[in-house]
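Here is the structure we will look at.
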Amino acid sequence: MRRKLVAGNWKMHGNRASNAALLAALKAAPAQDVVEVAVCAPFPYLSQLQDALAGSPIAWGAQNLSQHAQGAYTGEVSAGMVAEFGCRYAIVGHSERRALYGDSDAIVAEKFIAAQKAGVTPIFCLGETLAEREAGITLQVVGRQIDAVLHSAGVGALARAVIAYEPVWAIGTGRTATSAQAQEVHAALRDQIAGHDKGIAAAVRILYGGSVKRDNAAELFSMADVDGGLIGGASLVAEDFLAIVAAAAS
Ligand code: PEP
C-alpha cells in the first residue's frame with residue numbers, strides 16, 4: 001500500500017510574513033497519518049521552513065537544484081546546500097524549468113542523481129504539452145522522459161524518488177486532466193518501470209499535478225495509480241491545500 005503524498009509547490013510566491021501565516025495554519029491542522037504532506041518553497045525561505053516545521057509531521061523541500069555539486073556556477077544552489085536546510089524533497093524537471101530554463105531530459109536526470117547523492121528525494125516531474133497530447137504522443141513523451149532517468153540513474157534509484165505526472169497544459173491553467181487521463185498515464189509509467197523491476201514499480205509513488213483543486217482532488221486521488229498530488233496555486237491558500245490533503249486521506 002503506497003502512502004499518499006500531497007506536496008505544495010509555492011513557485012515564486014510568498015514572503016516571510018505570508019509564509020509564516022500559511023505554515024502556522026498548516027501546522028494547526030490535525031496531522032494526517034495516512035497522507036504525507038510537504039511544501040516546496042523558494043530557496044531563501046528554506047531556513048524559515050526548517051525553523052517552522054522541524055518536529056512537525058510536515059516535510060519540506062526545494063523547487064530545483066543544480067546538477068553540479070559545487071564550483072563556479074554563479075547563482076546556482078547545490079543539492080548539498082538544500083540538504084543542509086533539512087529538505088526531504090527537491091522538485092526536478094518541473095515543466096516551467098524545462099520550458100524556461102533549458103532543463104533537458106539529460107540535465108533533469110543529472111539533477112535527479114545529484115539530489116539523491118545528497119540524501120534528498122527527487123520529486124521528478126514529467127508531462128506532455130498540449131500539442132503533444134493532441135498529436136496522440138503523450139505516452140511516448142512521458143516514456144522518453146522517464147527513460148532518461150532510468151538509463152542514467154538505474155531503476156533502483158526510483159525506490160528513493162517520487163514521480164509527478166504534470167501535463168503542461170494543465171499547470172496553472174485551471175484545466176485539469178480527467179481522472180481517466182491521469183490514470184492512463186500513471187498506469188503506463190508504472191508498466192514501463194515494471195519492465196525493469198516489478199517491486200519498485202508497485203512501490204513508487206506517482207503524483208498527479210495540474211490544476212488540482214479542492215473540488216477535483218478526491219476524484220483524481222481515487223484512481224488506482226494516483227498516489228497524491230503536486231499542488232501549485234491551491235497550495236498557497238491554507239484552507240484549499242488542507243482540503244486537498246483531506247481528500248487524499250479519505
Ligand atoms: C505545479 O506548479 O506543479 C502545478 C501543478 O501548479 P497548479 O496546481 O497551479 O496547476
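Every number for a ligand or one of its atoms is a count from 1 in the order of the listing. Side chains are part of it too, since the values below use all heavy atoms of this structure and drop only hydrogens, waters and symmetry mates.
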Polar proximity ligand 1 side, Gly232 side, N/O cut 3.5 Å exclusive:
yes

With a 4.0 Å cut-off on heavy atoms, does Lys213 reach ligand 1?
no

Do Asp225 and Gln183 pair up side chain to side chain, a donor and an acceptor below 3.5 Å, judged on atom types alone?
yes

Short N/O distance, under 3.5 Å, between Glu166 and ligand 1?
yes

Applying a 4.0 Å heavy-atom criterion (strictly less than), which segment of Cys125 is in contact with ligand 1: side chain, backbone, both, or neither?
neither

Is it the side chain, the backbone, both or neither of His94 that has a heavy atom closer than 4.0 Å to ligand 1?
side chain

For Ala170, counting its heavy atoms only, list the atoms of ligand 1 lying under 4.0 Å from any of them.
10 (O)

Val168 backbone acceptor or donor facing Thr129 side chain under 3.5 Å:
no

With a cut-off of 4.0 Å, which atoms of ligand 1 are near a heavy atom of Gly172?
7 (P), 9 (O), 10 (O)

For atom 9 (O) of ligand 1, what's the nearest protein heavy atom and its distance?
Gly233 N, 2.8 Å

Give the numbers and elements of all ligand 1 atoms closer than 4.0 Å to a heavy atom of Lys11.
1 (C), 2 (O), 6 (O)

Exam field: side chain Gln70 to backbone Ser78, donor-acceptor pair closer than 3.5 Å:
no

With distance as the sole test, does Tyr208 use its side chain to make a donor-acceptor pair with the main-chain N or O of Gly210 at under 3.5 Å?
yes

Is any NZ, NE, NH1 or NH2 atom of the basic residue among Arg88 and Glu36 found under 4.0 Å from an Asp or Glu carboxylate oxygen of the other?
yes

Would you please classify the geometry between the Tyr165 ring and the His186 ring as parallel, tilted or perpendicular, with 30° and 60° separating the classes?
perpendicular

Residue-level breakdown please: for Ile171 versus ligand 1, do any non-hydrogen atoms fall below 4.0 Å on the side chain, on the backbone, on both, or on neither?
both

Is the closest heavy-atom distance from Gly210 to ligand 1 below 4.0 Å?
yes

In ligand 1, the atoms that come under 4.0 Å of a heavy atom of Asn9 are 1 (C), 2 (O), 3 (O)

Using a strict threshold of under 4.0 Å (side-chain N to carboxylate O), is an ion pair present between Arg3 and Asp227?
no

Listed by chain and number, what are the ring-ring contact (aromatic ring centres under 6.0 Å, His included) partners of His151, not counting sequence neighbours?
none

